[in-house]
Protein chains: 2
Amino acid sequence: MNRKIRVLLVDDHQIIRDGLSNMMLEAGDIEVCGCAADAATALEMAGKTNPDVVITDLSMPGRSGIDLIRKMAEKFPAIRVLVLSMYVSEDYIFNALKAGAKGYLPKQDTTKTELLKAVRTVAGGDEYFSDTAAQVISKLYSHNVRSAGNPESAARKANLTSRETEILRLYTEGLSNLEIADRLNISIRTVETHKNNIMQKYNFKSTVEMVKFAIRNKLGEA
Amino acid sequence: MNRKIRVLLVDDHQIIRDGLSNMMLEAGDIEVCGCAADAATALEMAGKTNPDVVITDLSMPGRSGIDLIRKMAEKFPAIRVLVLSMYVSEDYIFNALKAGAKGYLPKQDTTKTELLKAVRTVAGGDEYFSDTAAQVISKLYSHNVRSAGNPESAARKANLTSRETEILRLYTEGLSNLEIADRLNISIRTVETHKNNIMQKYNFKSTVEMVKFAIRNKLGEA
DNA sequence: TTAAAACTAAGGGATTTACGTAGGAAGGGT
DNA sequence: ACCCTTCCTACGTAAATCCCTTAGTTTTAA
């Protein structure tokens with residue numbers, strides 16, 4: 001009944017893309033909306049194909065996968081990035097997390113079942129980490145390495161100006177453009193402009209998407 | 001900086017309304033948008049004055065306070081009801097909770113400080129219960145008395161038809177009227193009408209409010 | 001001090017929503 | 001059979017928002 005989960009696959013090996021693609025198709029509730037072999041293509045595809053989840057490797061030609069995650073989180077905050085990597089070192093996991101990844105799976109020991117479960121989990125808005133990744137993360141937590149603020153919210157809030165943030169919050173209260181304008185004693189045109197800028201910065205496709213983002217990032221009331 | 005919390009006071013004793021009103025005014029961040037001495041007036045005022053929180057007694061002339069809570073939750077799900085009652089029996093607390101109350105304070109031993117804290121808490125979307133009320137509630141929980149479904153969601157979902165629920169879910173996905181119409185192969189006019197009906201049933205004042213409601217009630221994604 | 005970023009505002013047509021009204025089908029009850 | 005209610009469907013007009021562009025003013029950072 002529900003809409004299928006749209007997945008964008010990013011990996012520089014064709015055979016892996018095909019293998020993953022196949023798995024997704026078999027799952028039934030998942031749909032592969034695109035594949036990319038490098039970060040630039042991935043970002044382009046993300047804008048065009050509107051995926052729910054991006055599954056990406058970290059080692060790719062050109063810019064690093066971490067960079068891709070960061071850009072993805074900035075430009076398309078509604079998309080959840082799931083890392084499927086051969087690396088299991090603290091460094092990679094930590095950086096992926098900091099860049100905004102919503103899940104981390106090592107290629108070494110991730111089963112098809114687990115991958116599908118992870119896709120569904122992150123698509124549902126939660127995070128998913130393999131046992132090994134989770135261990136690393138908890139170690140990082142206990143060492144307070146992430147103390148300098150939540151990586152995700154930092155990455156996601158960074159681009160908004162204070163005025164934009166304020167206006168976004170008013171949208172989450174359910175106010176109309178005119179009501180916001182009156183509240184702030186500015187022209188409705190200005191409000192529209194600010195909103196437009198917010199929508200563009202994050203590639204939101206609708207007001208609802210924008211509001212959901214704000215709520216997730218605690219900018220407004222739940 | 002933030003907008004004041006709007007409170008509607010419901011109690012059949014003038015002196016109590018005045019006393020409470022005074023307390024709210026002193027608080028600075030709270031605003032009394034209206035008072036009512038009975039359930040009917042309270043409901044009318046709720047529709048007109050758009051409060052964030054309703055503070056109500058349970059014993060009132062005419063219909064019971066429990067009934068008021070239920071109606072309030074149905075017609076204005078965005079409004080949080082805080083019960084301030086002389087009763088501390090299981091029965092009253094349980095029924096108030098089942099009807100959709102977001103907080104419960106006994107008149108006997110609630111201080112001004114605690115009342116203000118409770119108002120701010122429920123206004124912020126959380127629940128607030130006095131220690132005595134909380135004890136009763138936990139007892140009820142442990143006895144599994146509330147096992148027959150979450151009272152709030154039951155009360156709040158009841159009025160929507162299946163078609164309306166379906167459409168509401170699509171709104172939470174960020175789809176426009178036209179997109180929903182295409183998805184369901186019906187006219188955009190029909191979608192608009194359904195949405196209108198949803199908005200009227202719950203007295204939503206904006207699409208955003210509707211979507212937030214749906215998310216809170218797990219009708220759509222977070 | 002100069003360039004960049006942020007805030008403000010507007011034009012103006014295209015698109016989307018809001019809102020009151022209304023017909024037809026299905027189901028229940030008498 | 002008949003009425004009554006609920007639900008799903010749909011339209012017309014008025015209002016609001018979207019979208020893309022341009023641009024003046026202020027604030028901030030280099």
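Throughout, a chain's letter reflects where its sequence line sits, starting with A, and its residues are numbered from 1. In this text the structure is predicted, and so the values were computed from the model without any measurement. Hydrogens, waters and symmetry mates are skipped; everything else that's a heavy atom, side chains included, is used.
Checked by atom type and distance alone, the side chain of R17(A) never pairs as donor or acceptor with a backbone atom of C35(A) at under 3.5 Å. Side chain of R6(B) to main chain of K4(B): no donor-acceptor pair is present (N/O by atom type, distance under 3.5 Å, no hydrogens or angles). Looking only at distances, a side-chain donor or acceptor of E164(B) sits under 3.5 Å from a matching main-chain atom of T161(B). With R70(B) contributing its side chain and A99(B) its backbone, the two residues share no donor-acceptor pair below 3.5 Å.
Using a 4.0 Å cut-off, some side-chain N or O of S162(A) falls inside it from OP1 or OP2 of dC7(C). For N177(B) and dT16(C), the shortest distance from a side-chain N or O to OP1 or OP2 is not below 4.0 Å. Phosphate proximity of dT8(C) to N185(A): absent, as no side-chain N or O sits under 4.0 Å from OP1 or OP2.
For I188(A), the side chain to side chain contact (heavy atoms under 4.5 Å, CB included) test picks out N177(A), L178(A), A181(A), E192(A), with sequence neighbours left out. Every residue two or more places apart in sequence or in another chain was checked for a side-chain hydrogen bond (donor to acceptor under 3.5 Å, both in side chains) with R189(B), and none qualifies. Here A27(B) pairs with D29(B), I30(B), L116(B), R120(B) under the side chain to side chain contact (heavy atoms under 4.5 Å, CB included) rule; sequence neighbours left out.
In this structure, K102(B) is not positioned above the aromatic face of Y128(B) in the sense of NZ or CZ being under 6.0 Å from the six-membered ring centre and within 45° of the axis.
Overall, the helix from dT1(C)-dA30(D) to dT30(C)-dA1(D) carries an axis bend of 50° between its ends, with five pairs at each end and the value rounded to 10°.
In this structure, a donor-acceptor pair under 3.5 Å is absent between the side chains of T172(A) and K212(B). No hydrogens or angles considered: nothing links the side chains of N196(A) and T193(A) as a donor-acceptor pair under 3.5 Å.
Non-hydrogen atoms lying under 4.0 Å from DNA chain C are contributed by S187(A), R189(A), T190(A), T193(A), H194(A), all within residues 187-197 of chain A.
Picking from dC7(C), dT16(C), dC7(D) the nucleotide with the shortest atom distance to the side chain of K201(B) gives dC7(D).
Rounded to an integer number of Å, the gap from Q200(B) CD to dG20(C) P is 7 Å. Counting to the nearest Å, the C1' atom of dA18(C) and the CE atom of M210(B) are 12 Å from each other. Computed from coordinates, the I186(B) CD1 to dA25(C) C1' distance equals 16 Å when rounded to whole Å. Rounded to whole Å, atom P of dA16(D) lies 10 Å from atom CD of E179(A). In this structure, K205(B) atom NZ and dA18(C) atom P are separated by 15 Å, rounded to whole Å. Atom OH in Y171(A) sits roughly 11 Å away from atom C1' in dA16(D) (whole-Å rounding). Rounded to whole Å, the distance from CG on L168(B) to C1' on dC8(D) is 17 Å. Distance, E166(B) CD to dC8(D) C1': 12 Å, rounded to whole Å.
For the pair V7(A)/D52(A), no side-chain contact is recorded, criterion being any heavy-atom separation below 4.5 Å from C-beta on.
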Just the table, please: protein N/O against nucleotides 27-30 of chain D N/O, every pair under 3.5 Å.
none

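For the pair K205(B) and E209(B), the tightest heavy-atom approach, listed with the atom from each and the gap, is N-OE1, 3.2 Å.
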